[in-house]
Amino acid sequence: MNTQKITGAEAVVKCLLEEGADLIYGYPGGAIMPIYDELYKYQDKLQHVLTRHEQGATHAAQGFARATGKVGVAMATSGPGATNLITGIADAQIDSTPMVCITGQVASHLLGSDAFQETDIIGISTPVTKWNYQITNAEEIPEVLAKAFYIARSGRPGPVLIDITKDAQLNTFDFSYQKCKGIRSYKPKPDIDSTKIQEAATIINNAKKPLIVFGQGIILGEAETELKAFIEKADIPASWTILGLSALETKHPLNVGMVGMHGNYAPNVLTNECDVLIALGMRFDDRVTGDLSKYAKQAKVIHFEIDPAEVDKNVLTDVAVLGDVKETLTQILPLIDRNNHDNWKKEFDKKKQLEFDKVIKSDLYPEKEGLNMAEVLEQINIASNDDAIIVSDVGQHQMFACRYAKFSQTKSNITSGGLGTMGFALPAAIGAKMGVPNREVVAIIGDGGYQMTIQELGTIFQTKVPVKIVVLNNEFLGMVRQWQELFFDKRYASTEMVNPDFVTIAKGYHIEANRVTKREDLASAVQKMMASKESYFLEVCIEKENNVFPMIPTGASVSDMRLS
C-alpha cells in the first residue's frame with residue numbers, strides 16, 4: 001500500500017476525494033482553519049460552497065443527497081459553528097438522508113477546559129446521528145472517514161458527524177486510504193427470510209381489498225422499477241407518504257395519492273376498509289396513522305422494511321419481510337399472481353370523485369378573488385411538463401405542494417418530513433440544483449419559513465446557481481393559523497406576519513424578481529420564471545385564510561378525515 005507523509009488536514013481532503021465527494025457546503029472558523037487551508041489548494045478538484053449559515057450548509061447537503069442519491073457533505077468549525085449544524089443533522093436522521101458532517105474542535109489538550117469555542121459536539125449530536133466520532137490523532141483520519149461514508153450510505157442511510165481536534169489536523173503521518181467495505185457488529189442489511197416472502201405472497205394473492213403504502217425506502221433502495229412491476233402484476237392501489245412521493249409517476253393509474261393528515265381522502269379512509277395493508281419502506285409515522293388504536297385493525301399487515309427497529313414499533317405486523325426492499329420485491333414478484341381488483345379500485349374512484357367535488361375543484365378553480373396555493377402548483381406543473389424537482393418548506397404550502405405537484409420521475413420531491421424544519425427549502429434547493437444541474441429546481445416556500453434562511457440568497461448570488469424560488473405569501477404562519485381557526489376559535493396568537501418587501505430584497509441580491517397579486521397574471525409570471533436561465537424569485541400573494549383540506553384532526557382516526 002502506497003503511503004505519503006501529510007498533515008491531518010490534507011488527509012481529510014484526500015479522504016473526501018477518495019469517496020467521490022467533489023462538492024461540500026460549509027462555513028470556516030478558527031478550529032477548522034487547517035482543513036480550509038488545504039481546501040484552498042484543492043479548488044480544482046473539490047468545490048466548497050460558502051453558505052451564509054451552518055444550518056444552510058446541512059440543508060444544502062441534504063438537498064444534494066436527496067436529488068442525487070449520493071452522500072452530502074457539510075463542514076463547520078467548533079462551538080457555535082458545530083451546534084448550528086444540529087437542526088440539519090436531526091432532520092437528516094429522521095428522514096434517513098446520507099450525510100457526513102465534519103467539525104473542527106479545539107486542540108486535544110484543551111478538551112474539557114471550556115476553551116474558546118469549545119462545545120461537546122459528540123455529546124450534543126449523539127441522539128441525532130447514525131454514528132459520531134471524535135478524532136484526536138491524525139493517524140485515525142483515513143479509517144474513521146472511510147467508516148463515516150460507509151455508515152452514512154449503507155443500509156438505512158443517515159447522518160454521521162466526525163469531530164477533529166486542531167492538533168490532529170496539524171500533525172503529520174504516513175497517509176494511505178482504503179475504502180470501508182464492512183464493520184464488525186454493524187449489519188446494514190438484514191438477511192432475507194424466504195419463508196416470510198412466501199407467507200407474504202400467499203396473503204397478497206388471497207387478498208380481496210389490498211392497499212399498498214410506500215415510503216422513501218423505495219427511493220433510497222432504488223426500487224422504483226420493482227415497485228411498479230409489483231403493483232401492476234398484483235393490481236393493487238398504491239398510496240404514498242410525503243417522502244415516498246415521486247417514486248411512482250403521478251399519472252400511473254394505480255397511484256391513488258397521499259396518506260396522512262392532509263393526504264387524499266380515498267387512501268386514508270380506505271385504510272380502514274382494506275383487508276391487507278402492505279407497507280413498503282415506510283415507518284408508520286403518527287401523521288400517517290392518526291389514532292393507532294383505530295388504524296387498520298381489520299387488515300392483515302405486511303411490512304417490508306430494512307430497519308428491524310421499525311417493525312412492530314407503531315403498528316403490529318402479521319408478516320415482517322426484512323431486507324433491502326429492492327431485493328425483497330424482486331424475490332416476491334415471481335410468487336405474486338396476476339390479479340384483478342376492479343371492484344376494489346372503484347371504491348377509490350368514488351372517493352376520489354368526492355374529494356374532487358368537495359375540495360380539489362375549489363382549490364384549482366376557486367371562485368374567490370384571492371389566489372389559492374394549489375393554482376400556483378398547477379401552473380408550475382404546466383410550465384415544467386411535470387418534470388421539475390419541487391423542494392418544499394414546511395407548512396400549508398408543503399401540503400399543497402405534495403398534494404398538487406405532479407411528477408414523472410423519481411427523486412423529484414424534496415421536503416422535510418419527520419422533523420418538519422421551517423427554513424429547509426431554500427438551502428436544500430441550492431444543493432439539489434447543484435447536484436442535478438440539468439433539471440429545473442423550484443423551491444416552494446411560505447413567508448414564515450422563507451425568513452428563517454433568507455440569508456442563503458447570498459449563497460445563490462455568489463454561486464450563480466439558477467434556483468427558482470416561489471414564496472406563497474399569505475402574511476401568516478399558515479398551518480398554525482389554520483389550526484387556530486378550526487380548533488382555537490380564531491384566536492390568531494402570534495401567527496400574523498408583518499413582512500418586508502421580498503421582491504426588493506431579492507433584487508438586492510441581484511436576483512430577478514416579480515410579484516403576482518392577480519389570477520390573470522399568474523400563468524405568464526410562472527412561465528417567465530421557468531423560462532429564465534438564471535435564478536429567479538416569484539412572490540405570489542395568497543388568500544390569507546386559505547386552508548388545506550382534507551384533514552385528519554390531531555388524535556382522530558383516518559376514518560374521521562374531514563373534507564371541510
Side-chain angles (χ1 to χ4, degrees), residues 65-71 95-98 153-157 188-192 194 196-198 200-201 204-205 207 210-259 267 276-283 302-307 321-341 345 385-390 402 405-414 417 432 435-436 438-439:
R66 296 268 290 274
T68 64
K70 299 176 183 178
V71 177
D95 282 355
S96 304
T97 303
R153 68 164 66 97
S154 60
R156 181 181 180 175
K189 293 194 294 186
D191 294 329
I192 298 172
S194 58
K196 296 295 183 183
I197 296 277
Q198 184 62 64
I204 292 166
N205 289 337
L211 173 62
I212 286 170
V213 180
F214 64 87
Q216 191 187 200
I218 296 294
I219 297 170
L220 295 172
E222 298 182 336
E224 294 91 346
T225 301
E226 290 76 12
L227 169 70
K228 189 174 180 181
F230 177 64
I231 66 170
E232 288 177 352
K233 187 175 183 182
D235 195 39
I236 300 178
S239 59
W240 35 268
T241 68
I242 65 169
L243 294 186
L245 175 56
S246 85
L248 181 68
E249 63 179 342
T250 307
K251 293 179 180 177
H252 195 287
L254 288 168
N255 187 332
V256 294
M258 180 168 71
V259 292
V276 176
L277 182 63
I278 306 156
L280 302 173
M282 56 83 74
R283 60 188 181 85
I302 301 171
H303 195 175
F304 287 72
E305 177 59 51
I306 197 169
D307 184 355
V321 182
L322 288 171
D324 183 302
V325 72
K326 187 179 183 76
E327 296 171 12
T328 53
L329 284 177
T330 298
Q331 289 191 25
I332 201 171
L333 190 62
L335 306 178
I336 296 296
D337 295 339
R338 289 211 170 272
N339 220 320
N340 183 305
H341 294 294
K345 288 186 293 184
N385 197 28
D386 301 351
D387 197 39
I389 293 176
I390 302 294
C402 291
K406 295 175 183 174
F407 299 109
S408 57
Q409 60 177 303
T410 190
K411 294 186 178 74
S412 295
N413 173 61
I414 298 174
V436 192
N438 61 323
R439 296 192 64 193

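Of all the heavy atoms in Asn255 and Trp240, the pair that sits closest is OD1-NE1, 2.8 Å. Summarising the geometry of Leu220 relative to Pro157, their closest heavy-atom pair is CD1-CD, 4.0 Å, with the distance given to 0.1 Å. Closest non-hydrogen pair, Val256 versus Pro237, comes out as CG1-CB, 3.8 Å. For Ile236 against Pro210, the heavy-atom pair with the smallest separation is CG2-O, 3.6 Å. Residue Gly215 comes nearest to Thr241 through the heavy atom pair CA-OG1, 3.4 Å, listed as atom of the first residue, atom of the second, then distance. Annotation for Pro190 and Leu322: closest pair CG-CB, 3.9 Å, computed over non-hydrogen atoms.
Side chain of His303 to main chain of Met282: a donor-acceptor pair is present (N/O by atom type, distance under 3.5 Å, no hydrogens or angles). The backbone N or O of Ser408 lies less than 3.5 Å from no partner atom in the side chain of Asp387, so there is not a single donor-acceptor pair. The main-chain N or O of Asn205 is never found under 3.5 Å from a side-chain atom of Asp337 such that the two would form a donor-acceptor pair. Checking side-chain atoms of Asn339 against main-chain N and O of Asp235 turns up no donor-acceptor pair under 3.5 Å. Of the possible polar contacts, one joining the Asn413 side chain to the Ile242 backbone as a donor-acceptor pair under 3.5 Å is found. Panel note: side chain Gln331, backbone Ser194; no donor-acceptor pair is recorded below 3.5 Å. Between the side chain of Lys233 and the main chain of Leu333, a donor-acceptor pair closer than 3.5 Å is present.
In this structure, Glu249 CD and Lys228 NZ are separated by 5.0 Å, a value rounded to the nearest 0.5 Å. The CG atom of Leu248 sits 12.5 Å away from atom CZ of Phe407, with the distance rounded to the nearest 0.5 Å. Going from atom CG of Asp95 over to atom CG of Leu243 covers 4.5 Å, rounded to the nearest 0.5 Å. Here CG of Leu211 is found 11.0 Å from NE2 of His341. Values are rounded to the nearest 0.5 Å. With rounding to the nearest 0.5 Å, the separation of CD1 in Ile336 from CD1 in Ile231 is 12.5 Å. The structure places CZ of Phe214 at 12.5 Å from CZ of Phe230, a figure rounded to the nearest 0.5 Å.
Salt bridge present: Asp386 and Lys251 bring a charged side-chain N and a carboxylate O closer than 4.0 Å.
Between Thr97 and Arg66, the closest side-chain pair of non-hydrogen atoms falls below 4.5 Å.
Annotation: Glu222, atom CD; neighbour count of heavy atoms from other residues, nucleotides and ligands within 6.0 Å does not exceed 12.
Contacts of Thr68 classified as side chain to side chain donor-acceptor pair (under 3.5 Å), with partners at least two apart in sequence or in another chain: none.
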Decide yes or no on side chain to side chain contact (heavy atoms under 4.5 Å, CB included) for Ile332 and Ile204, but give the supporting numbers first. CA-CA 10 Å; Ile332 201 171; Ile204 292 166; 4.1 Å; yes
Do Val325 and Ile218 pass the side chain to side chain contact (heavy atoms under 4.5 Å, CB included) test, and can you show the C-alpha distance, the side-chain angles, and the key distance before you say yes or no? CA-CA 7 Å; Val325 72; Ile218 296 294; 4.0 Å; yes
Please determine whether side chain to side chain contact (heavy atoms under 4.5 Å, CB included) holds for the pair Asp307 and Arg283, giving the CA-CA distance in whole Å, both sets of side-chain angles, and the decisive distance to 0.1 Å. CA-CA 9 Å; Asp307 184 355; Arg283 60 188 181 85; over 6 Å; no
Please determine whether side chain to side chain contact (heavy atoms under 4.5 Å, CB included) holds for the pair His252 and Glu232, giving the CA-CA distance in whole Å, both sets of side-chain angles, and the decisive distance to 0.1 Å. CA-CA 10 Å; His252 195 287; Glu232 288 177 352; 2.7 Å; yes
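For Ser412 and Arg439, the side-chain atoms include at least one donor-acceptor pair closer than 3.5 Å.
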